[in-house]
Amino acid sequence: TVMLGAVACSVAQVVAPHLDLGLVSQFAQVHDFVEVHAGDTVTLGGHATEDKAAREAAALVRIRADFSTLPWLPQMITRYETLVDPEARFVKILDKVMPSITHLLNGGVTIRELGLAADRLRELHGAQRETIASTYGADQPEGLELLREIHAMLDEMMGTRK
């Protein structure tokens with residue numbers, strides 16, 4: 001979360017200066033808060049669990065109750081989850097960029113441990129970009145371009161670039 005906050009604000013200032021950096025920072029800070037109660041879900045390689053949305057919805061209900069006298073946190077989580085703000089959508093894309101940056105920096109250790117073939121990784125990257133472009137990323141060309149560039153670097157490193 002801290003890393004995403006630093007990266008999202010830094011990147012937004014350069015590639016998307018029209019975004020409100022204060023909101024970018026706030027959304028980065030709350031983006032994974034529901035996972036404190038719901039647990040993290042590994043999605044690389046299609047390893048997502050079927051109950052992720054239900055677990056996260058229940059976590060948000062619990063957060064709303066726990067923070068009923070301090071409403072900022074559940075309000076910001078809800079704004080992030082609903083992706084109404086362009087800053088939330090930008091942060092969500094950057095949240096998808098960060099694992100690929102980590103894979104680049106560690107030489108793809110996790111990718112190799114999961115046994116993902118190069119073609120499968122390229123396929124997953126393409127599907128992820130298509131999904132994002134057709135949903136919350138439709139109005140975020142800067143974020144999508146960054147995701148494409150990082151994916152290309154990772155694909156090249158893993159020997160998948162064609």
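For reference, positions follow the sequence shown, starting with 1.
- In the hydrophobic cluster analysis, where Ile, Leu, Val, Met, Phe, Trp and Tyr join through side-chain heavy atoms closer than 4.5 angstrom, Val2 is grouped apart from Ile101.
- Within the model, atoms CG of Leu121 and CD1 of Ile111 stand 5.0 Å from one another, a figure rounded to the nearest 0.5 Å.
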*Show your working on side-chain contact (heavy atoms from CB on, under 4.5 Å) between Glu35 and Arg55 and close with a plain yes or no.*
CA-CA 9 Å; Glu35 291 181 3; Arg55 286 185 294 113; over 6 Å; no

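- The shortest non-hydrogen separation linking Gly159 to Ala118 is O-CB, 4.1 Å.
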*Could you go step by step and tell me if Leu147 and Leu94 meet the side-chain contact (heavy atoms from CB on, under 4.5 Å) rule?*
CA-CA 8 Å; Leu147 183 62; Leu94 267 278; over 6 Å; no

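- Side-chain atoms of Arg79 do not come within 3.5 Å of backbone N or O of Phe27 as any donor-acceptor pair.
- Proximity of Ile150 to Met153: side-chain heavy atoms (C-beta onward) are separated by under 4.5 Å at one or more points.
- Within the model, atoms NE2 of His31 and CD of Glu81 stand 10.0 Å from one another, a figure rounded to the nearest 0.5 Å.
- What you find for Ala8 and Val91 is that their closest heavy atoms are CB-CG2, 4.5 Å.
- Atom CG in Asp119 sits 12.0 Å away from atom CE in Met158 (nearest 0.5 Å).
- Take Arg64 and apply the salt bridge (Lys or Arg N to Asp or Glu O under 4.0 Å) test, not counting sequence neighbours, and it matches no residue.
- Linking Ile, Leu, Val, Met, Phe, Trp and Tyr whenever their side-chain heavy atoms come within less than 4.5 Å puts Met98 and Val24 in one cluster.
- The side chain to side chain contact (heavy atoms under 4.5 Å, CB included) search around Leu83 returns Ala88, Arg89, Lys92, Tyr136, not counting sequence neighbours.
- Considering all non-hydrogen atoms of both residues, Met157 and His103 come closest at CE-O, 3.6 Å.
- Rounding to the nearest 0.5 angstrom, the gap separating the CD atom in Gln75 from the CD atom in Gln26 is 11.0 Å.
- Across every non-hydrogen atom of His125 and Ser100, the tightest pair is NE2-OG, 4.1 Å.
- Ile63 and Val61 fall into different hydrophobic clusters, where Ile, Leu, Val, Met, Phe, Trp and Tyr residues are linked whenever their side-chain heavy atoms come under 4.5 Å apart, directly or through other members.
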Got a list of side-chain donor-acceptor pairs under 3.5 Å for residues 13-22, not counting sequence neighbours?
unit_1, atom_1, unit_2, atom_2, d
Asp20, OD1, Gly22, N, 2.7
Asp20, OD1, Leu23, N, 3.1

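- Contact detail for Gly137 and Ile93: the closest heavy-atom pair is CA-CD1, 3.8 Å.
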_Pair Val11-Phe90, side-chain contact (heavy atoms from CB on, under 4.5 Å): steps then yes or no_ = CA-CA 10 Å; Val11 171; Phe90 183 80; 4.0 Å; yes

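- Taking CZ of Arg62 as the start and CG of Asp66 as the end, the distance is 5.5 Å to the nearest 0.5 Å.
- Annotation: the span from Thr110 atom OG1 to Leu116 atom CG amounts to 10.0 Å, rounded to 0.5 Å.
- The two residues Lys96 and Pro99 make their nearest non-hydrogen contact at O-CD, 3.4 Å.
- Leu70 and Trp72 fall within the same hydrophobic cluster, where Ile, Leu, Val, Met, Phe, Trp and Tyr residues are linked whenever their side-chain heavy atoms come under 4.5 Å apart, directly or through other members.
- Val36 and Met76 sit in two unconnected hydrophobic clusters of ILVMFWY residues. Membership requires side-chain heavy atoms under 4.5 Å apart, directly or through other members.
- Between Phe33 and Phe67, the ring-plane angle classifies as perpendicular under the 30° and 60° cut-offs.
- Proximity of a side-chain donor or acceptor of Asn106 to a complementary backbone N or O of Val109 within less than 3.5 Å is detected.
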